[in-house]
**Student:** 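Here you go, one structure.
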Amino acid sequence: MASGLRETVDCERLAQEGETLDRVYALADLPRLQDLLADPDGTIRARFAFQRTETGRAAATVEIEAAAHLVCQRCLSGFPYTVAARSEVEFASSPGDAATCSEADREPYLMTDGAVRLAELAEEEFLLAAPFAPSCGAPEACGRAPGLGAEEPARASETVRPFGALRDLLKENR
Ligand SMILES: [Zn+2]
């Protein structure tokens, strides 16, 4: 469903109708996830439940679930990781508008001409939910990892984070 990636939806209309949309995307099709993924196989299932806030703004509950293979930031090997998350987002038409979002427990999300791309919303939710420095949690395998100085494993684990650094960079440029 390649066309699904470009699907944009009218937030106001969906909020008015209280509509819930279910979508499935291939992880391989979401560009901002690729640095985190050890392999691009798998899908992300997303549910978008649109509603209005108490103050009448368009909002949605976004739920995602994905069985992914992330890159361990210590040993750089892939390991299975299930990303499951749920967020409340409130749609804003401009950065200034986002600053006035009424509810502290809702994440402001910027629309373009009143619309959002659902695939990007799911992608954003994945990025928020994924661990900042993924670790495979396998002490033996991680400890014997190639490329780490065996004499200084603790120090290496703090400094060898090529993908994490890239991710920071991407965040700054957002
Ligand atoms: Zn590891």
Side-chain angles (χ1 to χ4, degrees), residues 1-8 20-49 59-91 95 98 101 104-110 116-174:
M1 43 187 290
S3 63
L5 291 173
R6 293 203 185 81
E7 177 193 20
T8 58
T20 296
L21 302 175
D22 288 297
R23 294 291 183 269
V24 179
Y25 305 105
L27 291 175
D29 288 337
L30 301 174
R32 290 166 66 211
L33 303 187
Q34 301 313 306
D35 289 328
L36 286 173
L37 299 176
D39 81 61
D41 289 343
T43 55
I44 177 168
R45 309 177 68 84
R47 167 167 288 187
F48 310 91
T61 301
V62 181
E63 287 178 87
I64 61 151
E65 191 172 312
H69 283 85
L70 302 186
V71 178
C72 172
Q73 299 295 290
R74 279 192 74 185
C75 66
L76 300 184
S77 61
F79 69 102
Y81 188 90
T82 300
V83 176
R86 175 192 167 108
S87 286
E88 306 290 333
V89 300
E90 184 166 339
F91 297 106
C101 271
D105 55 345
R106 288 184 181 271
E107 291 287 329
Y109 192 86
L110 218 51
V116 295
R117 202 162 273 185
L118 289 178
E120 287 176 5
L121 196 48
E123 186 179 47
E124 178 76 17
E125 187 66 20
F126 185 110
L127 287 171
L128 288 172
F132 181 70
S135 167
C136 66
E140 274 191 40
C142 235
R144 288 200 307 266
L148 286 187
E151 63 280 0
E152 290 183 358
R155 194 176 146 220
S157 74
E158 286 169 14
T159 53
V160 180
R161 281 187 38 219
F163 295 101
L166 178 61
R167 203 172 155 205
D168 294 347
L169 200 65
L170 289 170
K171 276 189 174 166
E172 280 165 22
N173 291 335
R174 201 180 287 168

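Counting starts at 1 for both ligands and their atoms, following the listed order. Every value quoted in this text rests on a predicted model; they were computed, and no experiment measured them.
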**Student:** Between E120 and V116, is there a donor-acceptor pair closer than 3.5 Å when you use the side chain of the first and the backbone of the second?
**Tutor:** no

**Student:** Look up atom CG in L30 and atom OG1 in T43, then write down how far apart they are to the nearest 0.5 Å.
**Tutor:** 10.5 Å

**Student:** Has the side chain of Q34 got a donor or acceptor atom that lies under 3.5 Å from a matching backbone atom of L27?
**Tutor:** yes

**Student:** So that I can tick it off, tell me whether R117 and E123 are bridged by a salt bridge, with the cut-off set at under 4.0 angstrom between side-chain N and carboxylate O.
**Tutor:** no

**Student:** Spell out, as yes or no, whether a donor-acceptor pair under 3.5 Å connects the side chain of E65 to the backbone of T82.
**Tutor:** no

**Student:** Return the number of protein N, O or S atoms with a distance to the Zn ion (ligand 1) smaller than 2.8 Å.
**Tutor:** 4

**Student:** Taking R86 first and then E125, would you say they form a salt bridge - that is, a charged N and a carboxylate O separated by under 4.0 Å?
**Tutor:** no

